[in-house]
K.L.:
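Let me give you the structure first, and then I'll get to my questions.
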Amino acid sequence: MTTPSPQNMLEYLEQACQQVQHFESNAQQALTAGNVDEYRALMLQKAQFLAHLDSKSQKYCEELPKALRAKLNAGLRRFSASATNALAVNSVFYMSALLYPEDYVQGTPNDLVLFTNALRQSWL
């Protein structure tokens, strides 16, 4: 097993960003094709994935320096808590809006990508 490092954590977060992008692009294709059930299923998968992001990331940050770990955990808990709330209210709209602020501009990075980029800049 490799020693946890900021680089391992960044790779994990980049993979998470790609997975979210996969859910969202497939969901958009389903919606465009008029397949609302598939869209709903993909938004549910996105929310479930994000709800577990915090717990699944812990193996990557166990041995990171305390300051890095605190910043990382705070952000990941926020993403997971929002997704857990979306699942609790069973709102597809809420699930689709996860990671996007009210003032989001189409084509700009979502909050998980911004978080990952900010961590990369502060760590490397």
K.L.:
I'd like to know whether Leu44 forms a side-chain contact (heavy atoms from CB on, under 4.5 Å) with Arg40, so could you lay out the CA-CA distance, the side-chain angles of the two residues, the decisive distance to 0.1 Å, and finally the verdict.
P.N.:
CA-CA 6 Å; Leu44 179 62; Arg40 182 181 299 271; 5.7 Å; no

K.L.:
With side-chain contact (heavy atoms from CB on, under 4.5 Å) as the criterion, how do Cys61 and Asn73 come out once you've worked through the C-alpha distance, each side chain's angles and the decisive distance to 0.1 Å?
P.N.:
CA-CA 9 Å; Cys61 62; Asn73 285 332; 3.8 Å; yes

K.L.:
For the hydrophobic clusters of this structure (ILVMFWY residues joined by side-chain heavy atoms under 4.5 Å, transitively), does one cluster hold both Leu119 and Leu64?
P.N.:
yes

K.L.:
For a side-chain contact (heavy atoms from CB on, under 4.5 Å) check, start with the C-alpha distance between Leu87 and Met95, then their side-chain angles and the critical distance, and finish with the verdict.
P.N.:
CA-CA 7 Å; Leu87 291 166; Met95 292 175 201; 4.0 Å; yes

K.L.:
Taking the side chain as every heavy atom from C-beta outward, state whether Gln58 and Leu72 have any pair of such atoms under 4.5 Å apart.
P.N.:
no

K.L.:
Taking atom types as modelled, is there a side-chain donor on Gln7 or Tyr60 under 3.5 Å from an acceptor on the other?
P.N.:
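Looking only at side-chain atoms, Tyr60 and Gln7 do not form any donor-acceptor pair under 3.5 Å.
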
K.L.:
State the CG-SG distance between Leu10 and Cys17, to the nearest 0.5 angstrom.
P.N.:
10.0 Å

K.L.:
Output yes when a side-chain donor or acceptor of Ser57 lies under 3.5 Å from a complementary backbone atom of Asp54, and no otherwise.
P.N.:
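Pair found, side chain donor or acceptor close to backbone of Asp54.
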
K.L.:
Can you find a heavy atom in the side chain of Asn8 that is under 4.5 Å from one in the side chain of Glu11?
P.N.:
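Yes, side chains in contact.
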
K.L.:
To the nearest 0.5 Å, tell me how far Lys59 NZ sits from Met9 CE.
P.N.:
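Rounded to the nearest 0.5 Å, the NZ-CE separation comes out at 10.5 Å.
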
K.L.:
Check whether the side chains of Asn117 and Gln121 place a donor and an acceptor atom closer than 3.5 Å, and report yes or no.
P.N.:
no

K.L.:
Should Val89 and Phe49 be regarded as members of a common hydrophobic cluster, given that ILVMFWY residues are connected when their side-chain heavy atoms come within less than 4.5 Å of each other, either directly or indirectly?
P.N.:
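Cluster IDs for Val89 and Phe49 match.
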
K.L.:
Can you name the nearest heavy-atom pair linking Ala47 to Ala83, along with the distance?
P.N.:
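Result for this residue pair: O-CB, 3.3 Å.
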
K.L.:
Rounded to the nearest 0.5 Å, how far does CE of Met43 lie from CD of Gln48?
P.N.:
12.0 Å

K.L.:
Hey, does Tyr39 have a side-chain heavy atom less than 4.5 Å from the side chain of Val92?
P.N.:
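Counting from C-beta outward, Val92 and Tyr39 do come under 4.5 Å.
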
K.L.:
When rounded to the nearest 0.5 angstrom, what is the spacing between CG in Leu13 and CD in Gln18?
P.N.:
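Separation between the atoms: 11.5 Å.
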
K.L.:
Can you name the salt bridge (Lys or Arg N to Asp or Glu O under 4.0 Å) partners of Glu14, sequence neighbours left out?
P.N.:
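Applying salt bridge (Lys or Arg N to Asp or Glu O under 4.0 Å) to Glu14 gives Arg120.
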
K.L.:
Is a side-chain donor-acceptor pair under 3.5 Å present for Gln21 with Asn110?
P.N.:
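No, no side-chain donor-acceptor contact under 3.5 Å.
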
K.L.:
Atom CG of Leu99 and atom CZ of Arg78: how far apart are they, to the nearest 0.5 Å?
P.N.:
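CZ of Arg78 is found 9.5 Å from CG of Leu99.
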
K.L.:
In the single-linkage hydrophobic clustering (I, L, V, M, F, W, Y; side-chain heavy atoms under 4.5 Å), do Phe115 and Val113 co-cluster?
P.N.:
no

K.L.:
Given the rule in the side-chain contact (heavy atoms from CB on, under 4.5 Å) test, do Leu42 and Lys46 qualify, once you have shown the distances and angles that lead to the verdict?
P.N.:
CA-CA 6 Å; Leu42 287 160; Lys46 171 189 167 185; over 6 Å; no

K.L.:
Applying a strict under-4.5 Å side-chain criterion to I, L, V, M, F, W and Y, I'd like to know whether Tyr12 and Val20 cluster together.
P.N.:
yes

K.L.:
Should the heavy atoms of other residues, nucleotides or ligands under 6.0 Å from CZ of Arg69 be counted, would the total exceed 12?
P.N.:
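Correct, the count exceeds 12.
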
K.L.:
Using 0.5 Å steps for rounding, measure from the CD atom of Glu24 to the CD atom of Gln45.
P.N.:
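Here the interatomic distance stands at 12.5 Å.
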
K.L.:
State whether the side chain of Ser80 and the backbone N or O of Arg77 hold a donor-acceptor pair below 3.5 Å, judged by distance alone.
P.N.:
no

K.L.:
Are Tyr104 and Leu50 connected, step by step, through hydrophobic side chains (Ile, Leu, Val, Met, Phe, Trp, Tyr) whose heavy atoms are closer than 4.5 Å?
P.N.:
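Hydrophobic grouping puts Tyr104 with Leu50.
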
